[in-house]
Colleague: 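Supplied in structure tokens, the structure appears directly below.
Ligands are counted one by one from 1 in listed order, and the atoms in each one are counted from 1 as well. Computed over heavy atoms, backbone and side chain alike; hydrogens, waters and symmetry mates excluded.
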Amino acid sequence: MSNACLVGLQWGDEGKGKIIDILADAYDIIVRYQGGSNAGHTVIIDGSKFVFHLVPSGILHPDKLCVIGNGVVLDPAQLLEELAELKKHNISAKNRLFISDRAHLVFPYHKLLDRMSESEKGDNKIGTTGRGIGPCYADKMARAGIRVTELYHPEHLKNRLKEVVREKNKILHNLHGAEPLSWEKIYDEYMGYADRIAPYVCDTVELINNAAKTSKRILFEGAQGTMLDVDFGTYPYITSSNPSVCGVSSGTGISPKYIHYVYGVMKAYTTRVGSGPFPTEMDRELGEAVRERGAEFGATTGRPRRCGWFDAVAVRHAVTINGADSAILTKLDVLDQEETINVCVGYKNGRRTYKTFPPDIALLPECEPVYEQLPGWLVDTSGITGKDKLPTRAREYIRFLEKILDLKIIMVSVGPERKQVIRIADD
Ligand code: GDP
Ligand code: IMO
Ligand code: MG
């Protein structure tokens, strides 16, 4: 079990950043394989808060290497901002952070197109983070993307940008009535980034494969969540990559045979930010109470997150897709005050009850969640450090989830701080 992948089992924001930071201790290299600066991974250590968008959450461990794989879409301005923030805390990424030369670059036109297409969709908007993610991945697939390595061939880059920006300007002007962008301005801006990120850029395929062959331990850090996966999530209300373990191989260039273990992270309830079906969404009053207690505001956009009960139908689907070996349950403390806790065990549509997640999103709004109710524990769990100290009813809740998911829960998180975590079983 030398390499592992950690994925979100819900709609993102499960607390992956915090858990990566904890697990990183046992690994040599932490690798982001998909997504971009739409991610917001929070790590809190003794009151110091870090929010990572592109830099892997293992960077706070000075002896670990971190990699941004080819499957990530890289916004160099965002990356440099994050590195500057780390520097303020005397954390250097030099010789420890490696960026794939094959990663695609996010350009200003991606962000502009993302925001414009969203604002024109009105009520049908996806609710994206506005970070240019969808348009950048669309360009990658349409063979119109520009990769990090192209920054180091100035004449070639000029030609590519001229051609791509001419096409984008047609769309911006004809479809959105927007002002054209200047390719020269973008070129100058990105040449500036090229120099500044050069020390980090390399062939990460070689780096990761050499590490795997020499028995270094690699931890792959998923961003977003499986229910936002472009293939397995609530399409089209998803992100444009594969946050599930399926993205690791294409997003890093490592063979699936080197992924030995999968950790799934899930909240004790559910949140979702952005639009799209959400069968277990709580009513307004309870949703607001849980949002306040759980500080459920987006780490990237600050948007309020929608809150709902634990959805075992969705999580079971995510466990299957990822072949999760074990789970980590986060934010248990947020349910401390609930007298009764609901867990959705099926979706009812007319006479049919779904136990597996239906792909048909036209159907989901018509589905009623089937809930099992469990008594709450009504005890403050945030200071608990040993598994035997957990209230009996909290343990019963954990056991219920394990049973319904057919999955072992190895760790429970009871607060945002690094130390607020309880090991309850071995991997
Ligand atoms: P990620 O995107 O999966 O890394 O999650 P985010 O960082 O976007 O959101 C998780 C939020 O919950 C952050 O504000 C964390 O500091 C916080 N958090 C993580 N674990 C816990 C926990 O067990 N209890 C509480 N109350 N907060 C937590
Ligand atoms: P982390 O890694 C939660 C959501 C957006 C929107 C949809 C598409 O912090 O868990 P995008 O900008 O990716 O095109 O938006 O995906 N989304 C996330 N939701 N956590 C995230 O990342 C997310 N990244 C994207 O809100 O619904
Ligand atoms: Mg987040």
Colleague: Do Val7 and Val265 make a side-chain contact, defined as non-hydrogen atoms from C-beta onward lying under 4.5 Å apart?
Modeller: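 No. Closest side-chain heavy atoms not under 4.5 Å.
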
Colleague: Around atom 13 (O) of ligand 2, find the nearest protein heavy atom and jot down its residue, atom name and distance.
Modeller: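 So the nearest neighbour among protein heavy atoms is Thr239 OG1, 2.6 Å.
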
Colleague: Find the distance between CG (Asp336) and OG (Ser382) and round it off to the nearest 0.5 Å.
Modeller: 6.5 Å

Colleague: Cationic tip of Arg306 within the cone over Phe278's six-membered ring, i.e. under 6.0 Å and within 45° of the normal?
Modeller: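 That pair does not qualify as a cation-pi contact.
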
Colleague: Would you say the side chains of Asn242 and Gln34 form a donor-acceptor pair under 3.5 Å?
Modeller: no

Colleague: Find out whether Met282 and Val290 are in side-chain contact, i.e. whether some heavy atom of one side chain is under 4.5 Å from a heavy atom of the other.
Modeller: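 Yes. Closest side-chain heavy atoms under 4.5 Å.
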
Colleague: Assess the pair Phe310 and Tyr397: is the distance between their ring centroids shorter than 6.0 Å?
Modeller: no

Colleague: Are Lys170 and Glu167 ion-paired here, with the side-chain N under 4.0 Å from a carboxylate O?
Modeller: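 A salt bridge is present here (some side-chain N lies under 4.0 Å from a carboxylate O).
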
Colleague: Quick one: look up the protein heavy atom nearest atom 3 (C) of ligand 2 and list residue, atom name and how far away it is.
Modeller: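 Answer for atom 3 (C) of ligand 2: Asp13 OD2, 3.2 Å.
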
Colleague: Looking at Lys16, which atoms of ligand 2 are within less than 4.0 Å of one of its heavy atoms?
Modeller: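 In order of number, 1 (P), 2 (O), 10 (O).
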
Colleague: Can Arg131 be said to touch ligand 2, with heavy atoms closer than 4.0 Å?
Modeller: no

Colleague: Heavy-atom contacts with Trp11 under 4.0 Å: which atoms of ligand 2 show up? List them by number with element.
Modeller: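 It comes down to these atoms of ligand 2: 3 (C), 19 (N).
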
Colleague: Rounded to the nearest 0.5 Å, how far does OH of Tyr371 lie from CD1 of Ile341?
Modeller: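 Going from CD1 on Ile341 over to OH on Tyr371, the span is 13.0 Å.
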
Colleague: Regarding ligand 2, does Thr129 bring an N or O atom to under 3.5 Å of one of the ligand's N or O atoms?
Modeller: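 Yes, Thr129 has an N/O under 3.5 Å of an N/O on ligand 2.
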
Colleague: Take the Mg ion (ligand 3) as the vertex and measure to OD1 of Asp13 and O of Gly40; round to 10°.
Modeller: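 Value returned, to the nearest 10°, is 170°.
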
Colleague: Is it the case that ligand 2 has an N or O less than 3.5 angstrom from some N or O of His41?
Modeller: yes

Colleague: Under 4.0 Å between a Lys/Arg side-chain N and an Asp/Glu carboxylate O for Glu85 and Lys88?
Modeller: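 Counted as a salt bridge, because a side-chain N and a carboxylate O are separated by less than 4.0 Å.
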
Colleague: Using the benzene-type ring in the case of Trp, are the ring centres of Tyr263 and Tyr261 under 6.0 Å apart?
Modeller: yes

Colleague: Need the ligand 2 atom indices (1-based, order shown) with element for anything under 4.0 Å from a heavy-atom of Leu228.
Modeller: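 Counting atoms of ligand 2 from 1, those under 4.0 Å from Leu228 are 4 (C), 16 (O), 17 (N), 18 (C), 19 (N).
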
Colleague: For ligand 2, find out whether one of its N or O atoms is nearer than 3.5 Å to an N or O atom of Ala39.
Modeller: no

Colleague: So which protein heavy atom does atom 15 (O) of ligand 2 come closest to, and at what separation?
Modeller: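 Looking at atom 15 (O) of ligand 2, the protein heavy atom closest to it is Thr128 CA, 3.3 Å.
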
Colleague: Before accepting this row, confirm whether a basic side-chain N of the pair Lys168/Asp139 lies closer than 4.0 Å to the acidic partner's carboxylate O.
Modeller: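 A salt bridge links Lys168 with Asp139.
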
Colleague: With the threshold set at under 4.0 angstrom, would you say Gly40 reaches ligand 2 through any of its heavy atoms?
Modeller: yes

Colleague: For ligand 2, which atoms, with element, lie under 4.0 Å from some heavy atom of Gly274?
Modeller: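 Contacts of ligand 2 toward Gly274, numbered from 1: 27 (O).
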
Colleague: Quick check on contacts: which atoms of ligand 2 are under 4.0 angstrom from a heavy atom of Ala223?
Modeller: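 Under 4.0 Å from Ala223, ligand 2 has these atoms: 2 (O).
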
Colleague: Strictly under 6.0 Å, is that where the ring centroids of Phe50 and His89 end up?
Modeller: yes

Colleague: Between His173 and Glu179, do the side chains contain an N or O donor and an N or O acceptor separated by less than 3.5 Å?
Modeller: no

Colleague: State if Arg303 counts as touching ligand 2 under the rule of any non-hydrogen atom under 4.0 Å.
Modeller: yes

Colleague: Does an N or O anywhere in Gly127 fall below 3.5 Å from an N or O of ligand 2?
Modeller: yes

Colleague: May I ask you to check if ligand 2 and Asn38 share an N or O to N or O distance below 3.5 Å?
Modeller: yes

Colleague: Taking atom CG of Leu161 and atom CD1 of Ile146, what is their separation to the nearest 0.5 Å?
Modeller: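 The CD1 atom of Ile146 is 4.0 Å from CG of Leu161, to the nearest 0.5 Å.
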
Colleague: Is the shortest distance from a heavy atom of Arg272 to ligand 2 less than 4.0 Å?
Modeller: no

Colleague: Is Ile238 touching ligand 2 with its side chain, its backbone, both, or neither, if touching means heavy atoms under 4.0 Å apart?
Modeller: backbone

Colleague: Within the 4.5 Å heavy-atom criterion, are Asp311 and Pro279 side-chain neighbours or not?
Modeller: yes

Colleague: For ligand 2, find out whether one of its N or O atoms is nearer than 3.5 Å to an N or O atom of Asp114.
Modeller: no

Colleague: Could you check whether any heavy atom of Tyr237 sits closer than 4.0 Å to an atom of ligand 2, since that is the contact criterion I want to use?
Modeller: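 Checking ligand 2 against Tyr237, which is what was asked, there is no heavy-atom contact under 4.0 Å.
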
Colleague: Given a heavy-atom cut-off of 4.0 Å, could you list the residues near ligand 1 in chain and number order?
Modeller: Asp13, Glu14, Gly15, Lys16, Gly17, Lys18, Gly40, His41, Thr42, Ile44, Ala299, Arg305, Lys331, Asp333, Val334, Ser413, Val414, Gly415, Pro416

Colleague: Mind checking the CZ-CH2 spacing from Arg305 to Trp11? Nearest 0.5 Å is all I need.
Modeller: 14.5 Å

